[in-house]
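Reading through the structure tokens given below for one structure.
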2 protein chains.
Amino acid sequence: MSTPDRLIEATQDLLWERGYTGTSPKAIQRAAGAGQGSMYHHFTGKSDLALAAISRTAQEMRETAGRLLDGPGTPRERITAYLLREREVLRGCPVGRLTMDPDVIADDALRAPLDATLEWLRERIATLLQEGLDNGEFAPGTAPGPVAATIVATVQGGYVLARASGSSTAFDSAVDGLLSLLAAPARTA
Amino acid sequence: MSTPDRLIEATQDLLWERGYTGTSPKAIQRAAGAGQGSMYHHFTGKSDLALAAISRTAQEMRETAGRLLDGPGTPRERITAYLLREREVLRGCPVGRLTMDPDVIADDALRAPLDATLEWLRERIATLLQEGLDNGEFAPGTAPGPVAATIVATVQGGYVLARASGSSTAFDSAVDGLLSLLAAPARTA
DNA sequence: GTCTATACTCCGATAGAC
DNA sequence: GTCTATCGGAGTATAGAC
């Protein structure tokens, strides 16, 4: 792999693990097996490299989620598959994690990929909810936009609960609760 | 106020804003108006001071949430009041935020107050859900434990969405969606 | 209790040789 | 492209005077 690619991947890993403030150029160089001069030859500095890493992470997250949300099954089944997919829960979300970093939030260029990714996810799920409403899979009156936000928030917050407790159980519990709330509408109507 | 108190309060603010890694002893001293020697006289170091600050923040959060969850109204009304309470959404949750800090999560003493607080909140809400089930305010079949986890996760995740977008709208939307799901007519026969 | 002095390392970057 | 040298500042303390 090329040196820039190794630098970007190392930065992705470190940003996920330690955040922007907690990630130093030196640590990136060590992880990538690249020297100081090499890193500053390919990137103008830490923030430039972080932008490349965050953009790539955001893209990868879209692909991962998209495979399930655009996959086989009914709208409800796809949302369920997304919620129940295998996750390294205790590592947290590589995108959502960065929203707690003030230096990332303060920089519009770094924040943009985070916003775009979570917004894309919310929209994609809202569309599925609408399709599920149309085919009777969800309770009439379900508001796709807000409920999609709830779904994304539950996942993001599930990571918080899991990391606080040191166990993925809390994440699973939050998802279970959400799925039960989304359960099939009464057949009586 | 005493010097230790000023140091603790300054640390609380900085941990909320910048996290553990992003908070330096020097910044704490500046914010507290205390000197180097003074800080190290009252606390053994950064982590000791952080423990005091985190414990106090956790206690304050319990009191704030408790005032609404133990307040007037039916169980459903109290949960709703908790979800709709005024928040400085873009600042995030001073407790949840720290779960993304690897140095906090790696230290059981620092992690314990986070876990205890979120666990307390989840339990308190689960109890209210059970009471609401008993008086018919929630759909039969609602599982108090998991749904309580969903409620707490939605709030924590709402902060993530809001900070990503730079607006509190996404938080409000996630809460709206959650309230609508909790208000849905009985779907389990 | 608080102050200043000191120590050693890392941070984030630039400069210039090869 | 990559290396080494260098830089001013910040991080996280410890020591000892007052």
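Below, each value reflects all heavy atoms present in this structure, side chains not excepted, and no hydrogens, waters or symmetry copies. Proteins come first, then strands; the chains are lettered A, B, ... in the order of their sequence lines, and each starts at number 1. A quick note: this is a predicted structure, and the numbers were derived from the prediction, not measured.
In the set C:dC11, C:dT2, D:dT12, the nucleotide with an atom closest to the side chain of A:K26 is C:dC11. Nearest to the side-chain atoms of A:Q36 among the listed nucleotides C:dA13, C:dC11, D:dT12 stands C:dA13. The side chain of A:S38 lies closest to D:dT2, out of D:dT2, C:dT2, C:dA13.
Remark: C1' of C:dC11 and CD1 of A:I28 are 12 Å apart, rounded to the nearest angstrom. For the pair B:H41 NE2 and C:dT4 P, the computed distance is 17 Å after rounding to whole Å. Rounding to whole angstrom units, OH of residue B:Y40 and P of C:dA7 are separated by 17 Å. For the pair B:M39 CE and D:dG11 C1', the interatomic distance rounds to 11 Å; values are reported in whole Å. Protein atom CD of B:Q29 is 12 Å distant from nucleotide atom P of C:dT4, rounded to whole Å. In this structure, the CG atom of A:D103 is 14 Å from the P atom of C:dC11, given to the nearest Å. Whole-Å rounding puts the B:R18 CZ to D:dA10 C1' distance at 12 Å. Nucleotide C:dG12 holds its C1' atom 16 Å from the CZ atom of A:F43, rounded to whole Å.
Among the heavy atoms of the strands lying under 4.0 Å from A:G37 is at least one base atom, whether or not backbone atoms are also near. Backbone-only contact: B:T23 has heavy atoms under 4.0 Å from sugar-phosphate atoms and none from a base.
Contact between A:R76 and A:A183 at its shortest, heavy atoms only, is NH2-C, 3.6 Å. Contact between B:Y20 and B:A50 at its shortest, heavy atoms only, is CE1-CB, 3.5 Å.
Residue pairs meeting the side-chain hydrogen bond (donor to acceptor under 3.5 Å, both in side chains) criterion with at least one member in residues 30-55 of chain B, sequence neighbours excluded, are B:Q29-B:Q36.
Taking side-chain N and O atoms only, A:S24 has a distance below 4.0 Å to OP1 or OP2 of C:dC11. Close to D:dG1, at under 4.0 Å from its OP1 or OP2, lies no side-chain N or O of A:T3. Dashed line: the shortest gap from a side-chain N or O of A:H42 to OP1 or OP2 of D:dT2 is under 4.0 Å.
Rounding to the nearest 0.5 Å gives a distance of 10.5 Å between CG of A:L118 and CZ of A:R122.
In this structure, A:R87 is positioned above the aromatic face of A:Y82, its NZ or CZ under 6.0 Å from the six-membered ring centre and within 45° of the axis.
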